[in-house]
Amino acid sequence: MDFINVEKKWQKKWEESKLYSFDKSKMKDKYYVLEMFSYPSGAKLHAGHWYNYGPTDSYARFMRMNGKEVFQPMGFDAFGLPAENYAIKSGIHPQDSTLKNIATMEGQLKAMGASFDWDYEIKTCMPDYYKWTQWIFLQLYKNGLAYRKEAPVNWCPSCNTVLANEQVVDGACERCHTTVLRKNLTQWFFKITQYAEELLQGLDTIDWPEKTKAMQRNWIGKSSGGEIEFELESGDKFKVFTTRADTVFGVSYVILAPEHPLVDKITTDAQKAAVDAYKLECSKASEIERLSTTREKTGVFTGAYCINPVNGDKVPVWIGDYVLYSYGTGAVMGVAAHDERDYDFAKKFDLQIKRVVKSADGKNDDLPFCDYGVICNTGTQFDGITSQEGKIAIVKWLEEKNQGQLKTNYRLRDWLISRQRYWGAPIPIVYCDKCGEVAVPEKDLPVQLPYNVEFKPNGKSPLASCEEFMNTTCPKCGGKARRDPDTMDTFVCSSWYFLRYPDAHNDKMAFDPEIINKMLPVDKYVGGAEHACMHLLYARFFTKALRDMGYLKFDEPFKSLVHQGTILGPDGFKMSKSRGNIISPDDYVSKFGSDAFRLYLMFGFSYIEGGPWSATGMESITKFLERVERIVDKSISLNNSVTKMDAEEKALNYTRNYTIKRVSEDTKAFSFNTAIARIMEYVNDLYKYDNLPCEKNAKFFKECIENLVLLLAPFVPHIAEELNEKMGGTYSVFDKAYPVCDEKALVKDEYELAVQVNSRMKAKIVVPSDADNKTIEDIALNNDLVKNATQGLNIVKVIVIPKRLVNIVCK
RNA sequence: GCCGAAGUGGUGGAAUUGGCAGACGCGCCGGACUCAAAAUCCGGUGAUGGCGACAUCGUGCGGGUUCAAGUCCCGCCUUCGGCACCA
């Protein structure tokens, strides 16, 4: 078969006949299969994209053949940093490079022959899409879920620009190697923390990989404890969050994040120079560095003291970079004897270590450090109370005195969405001298991203220098106003695209709730595990927020989720331009065809694991497909002779039904490599039968071959379509039903099982299918090989596991 | 550093979730067909020892639980993903 031309032929026919058009009248059988859309940064799709889209398309086709009305759209997450960086280097406008890349990728995706319904394509950089991204911003804003506050950005003082984390290498700017500083800017945030608890609870209701749920749980990071208020000698107050209120009697110092607003106010003149120097140092460290538990602790005394509310102790106030301003209250109480980091800090700076909890069993009480136990040495009513109860008792006691309260804290932070970049969706807010911050009215959307903008770094957001963009009138008072010069994080665009797809051309609404509430949630979402915490959490947040606004009637966007593994370069490293190890599918597709290439991807790797690319065995896939074709041709050449079902036919019938069963189960579970292995076994059995010869019951043989073509159809769609036509089948093979296993054919009257003596394999026995344990035991003990192996030994116990094995324990 | 995974023949990977380790491929070896080669079809293939039936060892390393461990528990090593501005 000329695979290449066969593929072209069927792709044309599929397109002409609109085979993959979603039929809205069959909405009740809808099945929404979604692959994470691609980012058109590199000019072309690489093997990794195929690995995501090819097998998932096979899954979609499988569901289609199982009676589902499959909706499988495709689009592009088209805004983002790389296009802008490329523009700075090459002078090619991000819009031009992006649209060109998209055109190339569309061509590649079409050559793949996937069953995408292109009528619903989305490009997030087009005004007809980002108009509605801005609309969603406004809805969040109106509902109090968008607000502004100061937050640090990476600042390169030499390039005079904000850097992405990716552009910071070892604390320095990747371009000029200047040390990067954190600099505060007023920026927009989405209040995802308001949904922290529901985002956590909802995980129990969805069919996602356990590890992904675990990552989200840890990311949300719920912990319960108390907030305790400390008062400074100056009269200023601040709160600390702690999960160990039982140790509050042991506070020997308090430590604020260097960014804490109180720091400048309380620092004494004598300490000012040291504090300022330290703050500058801290602005050079990344959060990952600051959170390292092995890094040596650093800090500076502010010169101020505060009072421990539980015992009146006067303790020094320090600043230290292991305290993050973004977590909790940005301040912690230092309890050196009962927290490892505090212990390290106290050791380093020679602060008091005060033991107030002893272990319940009295052990380790001579050590300076202890985790949990009983409160002691405080001279209060709490002595003797174990830490678990002590925590609550002490916070409640403080609550009565207005000095604290029980508090659930989340590690999750609000989502910073402002980007000081050009290539993104503009933020639909204007600033008026009279009215302040004013939302752009919905009728004025989209706030169009201007084309002619200078994006060379000049210390401001690129849009800030574009006067025609910046200058506008205030929608409230009609006076002069300035637009927000920042654009939105691209994660905002990708947090709702699955809502847009089913109603992609609606120019009145972001989506019609009538349609969306029927089409969503997504039934199967497939994409990389690297999105576990960010994209997948943001999308859940948007869904819940839009639900609370009344637009949606479901709680979770993605009912079921699968992560494909990563295809690494042949060198075992992640594919990247800089390593030069990118595998392009195009060469393989033009040589072997799309079907062979995707079948190879499915068969050669464990789908959720991935692994290094290797083309070894690529040819063997073509050989297998030719082997399939030969046996199909053989069946076509036969007359429809019929004889009764002999042992051979029964055996083949068993394999056929076993194959149908296993292939269906494995495909449902995204275990494509084993599904294909079972088909290969089936083909091997068909050849054995063919050698018999198969003419005697050609009708049965033909049936088996028809099943083979249907079984293969989701995996090699073009070839299956061609074989179906050759066999005289009607168009399309994808309108036919997937074979269903006949359970009766799988019933056997006897089966083989293994017999072990002292856990070593000694024999195989055949037992009737309905044999009870006693019968099995008797058959096993009467086996000659078993008798040999147990000779002269005492049989202590016989363990019979039906369908598995027998283990005879002897001494 | 913290969170989440993975480690199985020469090789890609299987293993019904505690029950015959190595399915199915690749590679290699052999046979059939052929004047010959290719292609194809059939068979073999974890390691060590033995002519042999068979025996011993074997799932990153070290311990443990169990009649039984790739799978569970404890402690390590290595590799990969994420850590909030790559997406």
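Here the structure is a predicted model, which means the values were calculated and not measured. Chain letters run A, B, ... following the sequence lines, proteins first, then strands; residues in each count from 1.
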Member of A:Tyr538, A:Tyr39, A:Trp496, A:Phe79 meeting the ring-ring contact (aromatic ring centres under 6.0 Å, His included) criterion with A:Phe491: A:Tyr538

Could you tell me whether A:Phe76 and A:Phe37 have their ring centroids closer than 6.0 angstrom? no

Does A:Lys764 get its side chain close enough to the base of B:C20, under 3.5 Å, for a donor-acceptor pair? yes

A:Met575 has an atom CE; how far is it from atom C1' of B:C80, in whole Å? 15 Å

Phosphate contact (B:C67 OP1 or OP2) by A:Ser759 side-chain N/O below 4.0 Å: no

For A:Leu291 and for A:Ala677, find the nucleotide of RNA chain B with the closest heavy atom, then tell me which residue's nucleotide is more 5'. A:Leu291

Quick check on B:A84: is either OP1 or OP2 less than 4.0 Å from any side-chain nitrogen or oxygen of A:Arg413? no

Less than 3.5 Å between a donor and an acceptor, one on the side chain of A:Arg804 and one on the base of B:C20, is that the case here? no

Any donor-acceptor pair under 3.5 Å linking the side chain of A:His563 with the backbone of A:Gly527? yes

Geometric class of the A:Phe541/A:Trp415 ring pair [parallel <30°, tilted 30-60°, perpendicular >60°]: perpendicular

What about A:Phe558 and A:Phe498, are their ring centers closer than 6.0 Å? yes

Using the glycosidic torsion, which applies to B:U8: syn (within 90° of 0) or anti (everything else)? anti

Hey, could you give me the CD1/CE distance between A:Ile220 and A:Met215, rounded to the nearest 0.5 Å? 13.0 Å

State, with a plain yes or no, whether a side-chain heavy atom of A:Gln564 is found less than 4.5 Å away from one of A:Pro55. no

Is B:G9 syn or is it anti, if syn means the base angle is within 90 degrees of 0? syn

Please tell me which of the listed nucleotides, B:C85, B:A87, B:A14, lies nearest to the side chain of A:Ser606? B:A14

Provide, to the nearest angstrom, the distance between the CZ atom belonging to A:Arg662 and the P atom belonging to B:A14. 12 Å

So for A:Asn807 and B:C67, does any side-chain atom that can act as donor or acceptor lie under 3.5 Å from a complementary atom in the base? yes

Taking the nucleotide of RNA chain B with the nearest heavy atom to each, does A:Pro612 or A:Gln187 sit closer to the 5' end? A:Pro612

Under 3.5 Å, which N/O atoms of the protein pair with N/O atoms of nucleotides 3-9 of chain B?
from: B:C3; atom 1: O3'; to: A:Asn218; atom 2: ND2; distance (Å): 2.7
from: B:C3; atom 1: O2'; to: A:Asn218; atom 2: ND2; distance (Å): 2.9

Using the side-chain hydrogen bond (donor to acceptor under 3.5 Å, both in side chains) definition, which of the options A:Thr298, A:Asp342, A:Asp344 pairs with A:Tyr322? A:Asp342

Scoring nucleotides 38-54 of chain B by protein non-hydrogen atoms under 4.0 Å (B base, S sugar-phosphate only, - none) yields --SSSS-----------

Could you tell me how far apart A:Phe603 (CZ) and B:C26 (P) are, to the nearest whole angstrom? 8 Å

B:G12 versus B:A84 - spacing of their C1' atoms, nearest Å: 36 Å

Residues A:Lys803, A:Glu750: salt bridge by 4.0 Å N-O rule: no

Rounded C1' spacing from B:U71 to B:G22 in Å: 15 Å

Quick one, A:Leu781 and A:Ile808 - any side-chain contact, counting heavy atoms below 4.5 Å? yes

Any donor-acceptor pair under 3.5 Å linking the side-chain atoms of A:Arg662 with those of A:Tyr658? yes

Separation of the P atoms in B:U56 and B:A68, to the nearest angstrom: 16 Å

Please report the distance separating the C1' of B:G81 from the corresponding atom of B:G18, rounded so that it comes out in whole Å. 29 Å

Taking OH from A:Tyr600 and C1' from B:C24, how many angstroms apart are they, rounded to a whole number? 14 Å

To the nearest Å, how far apart are A:Asn758 CG and B:U66 C1'? 14 Å

Taking the C1' atom in each of B:U8 and B:G60, what is the distance between them to the nearest angstrom? 10 Å

Counting any heavy atom closer than 4.0 Å, what does A:Val153 reach on the DNA or RNA strands: base, sugar-phosphate only, or nothing? base

Distance between C1' atoms of B:U65 and B:C73 (Å, rounded): 7 Å

Nearest-neighbour nucleotide for the A:Asn165 side chain, B:G13, B:G81, B:C85 considered: B:C85

Dot-bracket pairing map - RNA chain B, Watson-Crick plus G-U, both contacts under 3.5 Å, | cross-strand: (((((((..(((......[....)))((((((.......))))))((((....))))..(((((..]....))))))))))))....

CG of A:Leu163 to SG of A:Cys173, rounded to nearest 0.5 Å, is 5.0 Å

Test of ring centre spacing under 6.0 Å for A:Trp613 and A:Tyr51: no

Could you work out the separation of B:C67 and B:C74 based on their C1' atoms and round it to a whole Å? 23 Å

From CG of A:Leu568 across to C1' of B:C80 the rounded distance in Å is 8 Å

Would you indicate, yes or no, if B:C85 has its OP1 or OP2 atom less than 4.0 angstrom from a side-chain nitrogen or oxygen of A:Lys183? no

Value in whole Å for how far the C1' atom of B:C2 lies from CG of A:Leu412: 17 Å

Under 6.0 Å between the ring centres of A:Phe672 and A:Phe670? yes

How many Å lie between CG on A:Leu81 and P on B:A87, as a whole number? 6 Å

Is there a donor on the side chain of A:Glu287 or the base of B:C83 sitting less than 3.5 Å from an acceptor on the other? no

Any idea which of B:C86, B:G1, B:U56 is nearest the A:Arg760 side chain? B:U56

Suppose you measure atom P in B:A38 against the same atom in B:G44; what distance do you get, rounded to whole Å? 22 Å

May I ask you to verify if any side-chain N or O of A:Thr566 is less than 4.0 angstrom from the OP1 or OP2 atom of B:G81? no

